[in-house]
Number of protein chains: 2
Amino acid sequence: MPSEPFVVLADPARRRILDLLRERPRLVGELTEAIGLSQPGTSKHLRVLREAGLVTVRPEAQRRWYELRPQPLAEIDAWLAPYRWMWAERFDALERHLDTMGDA
Amino acid sequence: MPSEPFVVLADPARRRILDLLRERPRLVGELTEAIGLSQPGTSKHLRVLREAGLVTVRPEAQRRWYELRPQPLAEIDAWLAPYRWMWAERFDALERHLDTMGDA
DNA sequence: TCCTTACATGCCGTTGACGGTATATAGCTG
DNA sequence: CAGCTATATACCGTCAACGGCATGTAAGGA
């Protein structure tokens, strides 16, 4: 039962991890250094990401290659979709214009 | 200093409020009933949304009309942007294909 | 086998989110 | 003014997230 992607993304360290994995798979050690947390701390964030289906692991001897699995982000995108047109340029002006037409 | 939109959206009640405001401005009472929390609970979520710049208030006598202000969502969208192509149809297959090519 | 590397897990403390009830505040109405 | 309506704030309890350190576990190397 993967947790909500929204909740998972609320933590900046986890967003950073995903951003790093966007480039290429990474080892826990690399990620630890990059995000500036302890190794256990990093591992715990990776667990959350794994349980949310946002990363997968590929073991190689004692190492673990973490790779991005972006599918769950589609849920975020879907929620966002109906809002997306709204912040396009000069929306406020358009809205005021439509309000004016409504008055007429 | 508005809080992170990601954090604000982590709570389902707040996402629900935004969804409701997408249709039209609403009074606190309407929102309270819709999300099934206590009135103070609703007010507190509205405060968070206000401080994040996601809603604005228009007082009218004792009533408060809350309206959507979608601009901060652009930050979410911007973060999401580089991922968006990735979950397009059959990405997994493409990825496997590229991996195979790498092996060859 | 012993040590080291790479990572996961257990445990703990602190902190803040979230929800509720009680109460304050502001504006209307009679 | 009294009292009602609509909303905000104060205060409190609970719980879980997040971070750290210590330790467990698995694999490789000497």
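If you're wondering where the values come from, they're calculated on a predicted model, not measured in any experiment. Each chain gets a letter, A, B and so on, in the order its sequence line appears, and its residues count up from 1.
Boundaries of the chain A contact region on DNA chain C are C:dT5 to C:dC11, first to last in 5' to 3' order (nucleotide atom under 4.0 Å from a heavy atom).
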Next item on the list: Using a 4.0 Å heavy-atom cut-off, write out nucleotides 14-25 of chain D from 5' to 3' as B (base contacted by protein), S (sugar-phosphate only) or - (no contact).
Entry: ----SBBBB---
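Not counting sequence neighbours, the partners of B:R26 by the salt bridge (Lys or Arg N to Asp or Glu O under 4.0 Å) test are B:E23, B:E30. Considering only residues two or more places apart in sequence or on other chains, A:R63 meets the salt bridge (Lys or Arg N to Asp or Glu O under 4.0 Å) condition with none of them. Every residue two or more places apart in sequence or in another chain was checked for a salt bridge (Lys or Arg N to Asp or Glu O under 4.0 Å) with A:R50, and none qualifies. Residues meeting the side chain to side chain donor-acceptor pair (under 3.5 Å) test with B:E75, sequence neighbours left out: none. Listed by chain and residue number, B:E67, B:R69 satisfy the side chain to side chain contact (heavy atoms under 4.5 Å, CB included) test with B:T56 (two or more places apart in sequence, or in another chain). Considering only residues two or more places apart in sequence or on other chains, A:D77 meets the salt bridge (Lys or Arg N to Asp or Glu O under 4.0 Å) condition with A:R84, B:R84.
Counting only residues at least two apart or on different chains, the ring-ring contact (aromatic ring centres under 6.0 Å, His included) pairs with a member in residues 29-84 of chain A are A:F6-A:W79, A:W79-A:Y83. Sorted by first then second residue, the salt bridge (Lys or Arg N to Asp or Glu O under 4.0 Å) pairs that include residues 5-21 of chain A, not counting sequence neighbours, are A:R15-B:E4, A:D19-A:R22.
Between A:V57 and A:L46, the closest side-chain pair of non-hydrogen atoms is not below 4.5 Å. The shortest distance between side-chain heavy atoms of A:L68 and B:M86 falls below 4.5 Å.
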Next item on the list: Check the pair B:L31 / B:L37 against side chain to side chain contact (heavy atoms under 4.5 Å, CB included), numbers first and verdict last.
Entry: CA-CA 9 Å; B:L31 295 170; B:L37 287 185; over 6 Å; no
Checklist line | side chain to side chain contact (heavy atoms under 4.5 Å, CB included) between B:L54 and B:V48, worked out | finding: CA-CA 9 Å; B:L54 278 160; B:V48 173; over 6 Å; no
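Residues of residues 57-66 of chain B having a heavy atom closer than 4.0 Å to DNA chain C, listed by number: B:A61, B:Q62. If you check residues 23-30 of chain B against DNA chain D, the residues with a heavy atom closer than 4.0 Å are B:L27, B:V28, B:G29, listed by number.
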